[in-house]
Amino acid sequence: MDNRAIGIFDSGAGGLTALRYIREIMPSEDIVYFGDTINVPYGEKSRDDVVRCAYNNIEFLKSKNVKVILAACGTVSSQLKYIKSEIPVLGIIDPVCKKSAMTTKNRKIAVLATSATIKSGIYKKTCSSILPELEIYEQSCPKLATLIESGHISSNDRELTNVLSEYLQKINCLDVDTIIMGCTHYPIVENAIKDLLVNKNITLLDAGKEAAAALKKFIFENNIQCNNTKKSENVKYFISGKTAMFAEVASGFLGYNIDDLIFTEK
Ligand code: DGL
């Protein structure tokens, strides 16, 4: 048993897509969430800069005395092999790749992710190592996380739908039956993505959701679950940049207000 909190970080609001499921499946666990909003977007940064940001985030969460950290960010997860920490740090890529291999019937999968993640080739490598017959098409979406972070999350938002149409154009011509939303920001606009897909039978996979399930498994296997007779203090939210937009995007997505958001100097 370990009553310390779970730490989660992302460049901004994207990690909330994992947090939502973590709260659902481990309601007694306390959570410290950190959104590095002063440095968003990560997806257009170099590997060195992404790794440097990740280390800062890990240090911050360590100072909050967490027991395990979820890098709820595809871009950081794609560079996880360069990140060492004495506190376990889990990523989001393996769980959703496993799920994609179990989901696809025709073995054709598309991945939507940031430029840095696509450049790393990590989704292709991981999926192929699970099931070598998979055909994987990777689409980078350079503007998408920034748009979401600045509040363009409604399915009717013209800027959002224009950008999404561009990124989905090729996928709409392919015969894929499964799409991995490989950046944690993207499930925030899942409805807009669905609206623009020609084939309505395509399954969209949420990397944050699969990572939440894998995190639960890790916590129980290592016997570091909280004592669930304790009362949960729930979630503390920290961000590094003073942006009112985080709270707006978060409440739009989570369906409740984050009243006690704390700005922090890292
Ligand atoms: N949500 C992150 C990811 O999953 C980062 C997006 C960004 O900051 O570019 O890749």
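Every value quoted in this text rests on a predicted model; they were computed, and no experiment measured them. Every number for a ligand or one of its atoms is a count from 1 in the order of the listing. The basis for the numbers below is simple: all heavy atoms, side chains too, and nothing from hydrogens, waters or symmetry mates.
At a heavy-atom distance under 4.0 Å, atoms from both the backbone and the side chain of Thr75 approach ligand 1. Contact annotation: for Ser11 versus ligand 1, heavy atoms closer than 4.0 Å belong to the side chain alone. The proximity of Thr184 to ligand 1, defined as any non-hydrogen pair under 4.0 Å, involves the side chain as well as the backbone. Contacts of Ala145 with ligand 1, taken as heavy-atom pairs under 4.0 Å, involve the side chain alone.
Salt bridge present: Lys62 and Glu86 bring a charged side-chain N and a carboxylate O closer than 4.0 Å. A salt bridge links Lys67 and Glu29; the closest N-O separation between the charged side-chain nitrogens and carboxylate oxygens is under 4.0 Å.
The Thr114 neighbourhood of ligand 1 comprises atoms 6 (C), 9 (O), 10 (O), with distances under 4.0 Å to a heavy atom of that residue. With ligand atoms numbered from 1 in the order given, ligand 1 contributes 8 (O) to contacts under 4.0 Å with heavy atoms of Val40. Interface of Asp10 with ligand 1, defined as ligand atoms under 4.0 Å from a residue heavy atom, comprises 1 (N), 2 (C), 5 (C).
With values rounded to the nearest 0.5 angstrom, Leu215 atom CG is found 7.5 Å from Ile25 atom CD1.
Nearest protein heavy-atom neighbour of atom 1 (N) of ligand 1: His185 ND1, 2.7 Å. Among protein heavy atoms, the minimum distance from atom 7 (C) of ligand 1 is reached at Tyr42 N, 3.3 Å.
By the 6.0 Å contact criterion, CD on Gln169 is open, its count of non-hydrogen atoms from other residues, nucleotides or ligands being 12 or less.
For atom 4 (O) of ligand 1, the candidate residues are Ala18, Gly43, Gly74; the nearest heavy-atom contact is made by Gly74.
Between Phe60 and Phe34, the ring-plane angle classifies as tilted under the 30° and 60° cut-offs.
A 4.5 Å side-chain heavy-atom check between Ile109 and Ile179 finds every atom pair outside the cut-off. You'll find the side chain of Val68 reaches within 4.5 Å of the side chain of Ile219, heavy atoms only.
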